[in-house]
Amino acid sequence: MPHLYRHLQVHQVFGANTNVGKTIASTALCRSSVQESRVHRPTVFYLKPVSTGPPNEADDRYGPVIQLIPGYKSYECLQSHILRFAGPHRSAISSWCLFKYDEPVSPHLAAKAARLGNSFDQHFVQSVSRHISGIAKSLPTDRHHSMFVETAGGVHSPIPSGTTQAEAYRPLRLPIVLVGDSNLGGISSTISAYESLTLRGYDVESLLIFKEDYYRNWEYLSDWFAKRNQESTVGAKTHVGVLSQPPKRRSDPNEDFEVTDRYYREICQSGSPLRDVLDHLEHSHQRRIDELESMPKRTLQHVWWPFVQHATLKGPEDITIVDSAHGDVFDAAVTPSPQPSDPSSSTPNQAYSSILQPVFDGSASWWTQAFGHANPSLTLAASYASGRYGHVIFPLASHQPALQLAERLIKSGPGKGWAAKAFFSDNGSTGMEVALKMAIRSARLRYLPDSSSSEKKELGVLGLKGSYHGDTIGAMDACEGGVYNAAVEWYRGRGYWFDVPTIGIKNGKVVVSGDWSEDFPSVHEVYDVENRLTSKLADAYRSHIQATLERLVGEGRMFGALVIEPLIMGAAGMLFVDPLFHRVLIDTVRSNSSFFAASCGRSSATSPQEGSWTGLPVIYDEVFTGLYRAGYPSATSVLKVDPDISVLAKILTGGLLPLSATLASQSIYDAFLSPDKVDALLHGHSYTAHPVGCAVANEALNMLETMDKGGAWQGFKDSWRGTSGGGTASSAWSVWGPSFVKELSRLGPVEESMALGTVLAIHLRDPSGGYSSNLAQQTLSNLKSSIISEGDTFPFGVHFRTLGNVAYFMTSLNTSKEAVQLLQSRILDTLR
């Protein structure tokens with residue numbers, strides 16, 4: 001719901017506290033904005049979204065309900081402080097209110113007294129947004145207009161639902177005019193309000209404060225903001241306007257009006273500090289537009305993107321400029337396009353439209369988002385850790401966030417019951433590098449205990465075709481040569497990779513495909529691994545894997561780890577691997593220690609200690625699928641077997657910043673114990689166990705636990721329950737509806753579809769296929785356009801990524817059911 005127009009300048013007025021003079025400041029801003037000395041006399045709009053108090057006592061007098069925006073009630077103010085003191089250009093100011101309550105109390109209490117319930121307020125900010133856009137569309141575009149949205153109380157005063165204003169208005173992210181507190185304690189409250197707003201991503205463009213000469217808060221705050229403007233690059237430069245103190249209220253109404261009106265004439269005259277504030281707001285508005293418009297070209301000049309062939313770019317129009325993000329939505333700058341010649345066209349006229357448009361983050365920002373962008377809980381966790389620690393060295397040191405995270409991952413998280421240690425690194429690829437070093441060392445000591453560093457024999461990995469474990473050299477070498485690594489000059493694949501059977505829904509039927517094929521009555525049956533272990537398909541998998549291992553050993557191949565991406569292989573094209581194959585592969589590898597010993601030239605392996613790994617160390621690369629991305633806290637929930645090493649990242653921090661944890665069993669850890677320091681795990685980086693990342697991860701894990709225990713996904717799970725045999729609760733579920741996924745699979749362009757957790761994959765029919773295909777991008781290109789129609793509750797374009805002929809979509813774990821349903825409708829309409 002972003003709002004940035006060329007012809008309408010919108011600012012929000014926040015107060016550092018209650019009774020600091022917000023309405024006086026708003027009145028002065030409105031009155032000064034329509035002074036006749038301005039080149040173009042603009043129309044000025046004032047909006048107070050919430051008003052409380054009985055009509056016969058309220059300062060504001062409202063007319064009848066007006067349907068200014070279709071489907072939304074608005075009250076036009078017929079008499080208010082704003083209009084009463086608007087001066088000679090009163091007709092140029094329009095004053096509005098959206099929600100009125102009779103009780104003269106805080107809006108959240110007034111809403112309860114009116115027995116309207118919190119549901120009344122669920123579209124609060126949307127109503128404000130609709131009002132602003134409706135005003136923008138009603139204005140001529142050849143003149144400059146202004147709008148001021150005044151809040152109630154202080155920054156954290158609640159709206160009717162009980163949500164604080166700072167949080168509730170954040171989706172709009174309007175530039176702020178902060179009215180400072182000139183009373184005793186006002187320095188503290190003003191700076192606190194400023195920091196609260198800045199912490200949430202608001203730009204405080206101006207501070208207005210009254211010149212009270214006893215406490216002289218204006219003096220200190222002017223210096224404080226001047227210094228901050230000079231030293232900091234965070235947020236907007238805040239212009240301070242110091243206004244003379246308002247006159248005391250007179251008992252005689254006529255005298256009070258004369259004194260007050262004279263006061264407004266004086267502070268609004270040409271050359272006053274208030275006029276400087278308005279000039280600053282206007283310049284900031286234009287500077288913001290200029291910055292957004294220049295960013296595409298500057299980006300092309302200076303940025304080298306990952307996974308992008310720059311030679312194929314057409315130009316700046318290919319670039320999505322994200323001004324901010326909140327929840328599941330980017331506020332993205334829209335490149336102007338030719339206007340429709342037909343005036344009756346339903347295409348929104350861009351001259352009236354916001355330069356910024358909402359764009360749904362359809363890839364969860366490369367699979368990272370768990371709770372939406374700019375989540376306040378994660379932001380506060382990061383701020384607290386940054387303020388408490390910054391960054392501190394970690395080797396032979398510890399701090400609360402890292403220790404708490406390690407304990408949580410091992411004792412109650414994905415490592416529960418098997419992991420003994422947690423090793424921290426900065427991202428999934430380096431986490432996998434660590435995992436490979438752990439596994440290969442442990443296997444070498446087991447099967448090649450006498451080999452010296454000068455005569456090391458190469459131990460490869462067993463894995464799956466299409467695997468992707470990251471872009472560092474070791475992680476690439478653990479994958480079969482393909483589009484991501486084969487062209488890298490240092491690449492040398494080290495291992496053997498099995499073809500994998502995959503799960504998909506084809507023409508409405510659940511099918512396991514590959515070298516083996518079998519239909520299933522529901523997705524639930526496919527993920528009921530333990531009941532499938534005695535099936536004919538399991539026997540076929542077992543025989544194939546056993547025969548392959550025997551052949552490899554006969555060829556003299558040596559291996560040091562089994563590495564899998566459980567459940568979903570993302571970069572391979574969102575392949576949903578049959579979990580039974582994973583399970584049988586793990587079981588077969590673990591039951592064949594003698595094979596791997598023989599391949600290393602030993603008649604038998606060193607006897608493992610009780611509880612130690614057998615066969616080969618098993619690594620779960622859960623960077624993508626772990627922590628509920630695929631609907632489960634860990635693949636262990638499906639496979640019913642634990643790994644020896646597991647790697648977590650992405651959702652680990654809720655998507656706020658990079659961090660990875662590599663969990664290891666005791667036997668893996670023990671392989672690095674020695675009197676010689678060089679036998680230690682000599683791997684790390686300067687920012688290991690960064691306190692900010694660890695603190696955010698702890699908060700993210702707490703939020704995941706709360707959602708799981710609170711039944712946050714129960715509605716989605718219930719929708720999949722009917723797809724399981726006998727009506728029992730299905731262990732497999734998705735935010736994407738089962739009927740929607742099946743309907744997709746029946747569409748002409750679609751080869752198959754599949755969904756699990758928050759992940760949806762659509763494989764389009766393409767004889768060539770592969771990563772180099774542009775079919776999915778071309779077929780779904782219309783999704784990028786915003787669709788705005790009357791009554792739309794969530795107009796948005798969709799930002800998405802593709803993998804050749806595979807289109808995939810991903811939500812956060814807290815994306816609303818309504819948003820998912822709208823996405824489903826958009827996808828179906830595009831593919832039909």
Side-chain angles (χ1 to χ4, degrees), residues 1-2 4 133 171 292-293 295-297 299-300 303 305-310 312-340 345-350 353-369 372-373 574 736 740 744 747 749-750 758-762 764 766 773-789 792-812 815 819-832:
M1 296 178 279
L4 180 63
S133 62
L292 288 169
E293 291 181 337
M295 285 177 69
K297 184 177 180 180
T299 302
L300 285 173
V303 171
W305 284 298
F307 294 97
V308 169
Q309 177 48 266
H310 287 239
T312 63
L313 295 177
K314 298 176 183 177
E317 66 271 17
D318 288 337
I319 302 172
T320 298
I321 298 298
V322 180
D323 180 68
S324 65
H326 187 272
D328 291 312
V329 176
F330 298 146
D331 292 346
V334 176
T335 302
S337 60
Q339 295 300 308
S345 170
S346 60
T347 303
N349 191 326
Q350 291 182 343
S353 300
S354 173
I355 294 170
L356 298 174
Q357 291 294 325
V359 177
F360 192 92
D361 180 6
S363 69
S365 278
W366 249 354
W367 321 348
T368 62
Q369 295 304 299
H373 298 279
M574 292 297 159
W736 306 94
F740 160 72
L744 276 176
L747 298 178
V750 178
T758 71
V759 184
L760 168 70
I762 307 170
L764 300 180
D766 187 351
S773 171
N774 293 316
L775 178 64
Q777 195 70 37
Q778 295 168 355
T779 303
L780 292 160
S781 60
N782 287 340
L783 281 175
K784 295 181 179 181
S785 303
S786 296
I787 293 181
I788 304 175
S789 59
D792 230 349
T793 56
F794 189 11
F796 56 80
V798 181
H799 182 276
F800 64 96
R801 302 225 8 129
T802 59
L803 293 162
N805 64 313
V806 178
Y808 71 86
F809 298 89
M810 215 170 294
T811 69
S812 297
T815 301
V820 173
Q821 289 173 340
L822 283 165
L823 268 175
Q824 292 177 168
S825 296
R826 291 287 304 276
I827 293 169
L828 285 173
D829 289 343
T830 303
L831 287 173
R832 282 178 176 144

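For this chain, numbers begin at 1 and follow the sequence in order. Note that the coordinates shown come from a computational prediction; the quantities given were computed from them, not determined experimentally.
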Going from [atom1] on [X] to [atom2] on [Y], what distance comes out if it is rounded to the nearest 0.5 angstrom?
X	Y	atom1	atom2	value
Leu775	Leu764	CG	CG	5.0 Å
Ile827	Leu747	CD1	CG	11.0 Å
Gln777	Lys784	CD	NZ	4.0 Å
Met295	Thr320	CE	OG1	11.5 Å
Ile762	Leu744	CD1	CG	4.5 Å
Leu831	Leu780	CG	CG	5.0 Å

Check: [Y] and [X] side chains under 4.5 Å, non-hydrogen atoms:
X	Y	value
Asp331	His326	no
Met810	Arg801	no
Leu760	Leu823	no
Asp361	Ser363	yes
Leu313	Leu300	yes
Phe740	Gln821	no

Nearest heavy-atom pair of [X] and [Y]: which atoms, and what distance?
X	Y	answer
Asp328	Ser812	OD1-OG, 2.9 Å
Thr758	Trp736	O-NE1, 3.1 Å
Thr802	Ala807	CG2-CA, 4.3 Å
Arg826	Leu783	NH2-O, 3.2 Å
Val798	Gly362	CG1-CA, 4.4 Å
Pro296	Pro316	CB-CB, 3.5 Å

Is there a donor-acceptor pair closer than 3.5 Å between any side-chain N or O of Ser781 and the backbone N or O of Gln778?
-> yes
The single option from Phe800, Phe307, Trp305 that satisfies ring pair (Phe, Tyr, Trp, His ring centres under 6.0 Å) with Trp366 is Phe307
Thr830-Asn782 side chain donor-acceptor pair, cut-off 3.5 Å = no
Report the relative orientation of the aromatic rings in Trp367 and Tyr808; use parallel for angles under 30°, tilted for 30 to 60°, perpendicular for over 60°.
-> perpendicular
Parallel under 30°, tilted from 30 to 60°, perpendicular over 60°: which one fits the rings of Phe360 and Phe796?
-> tilted
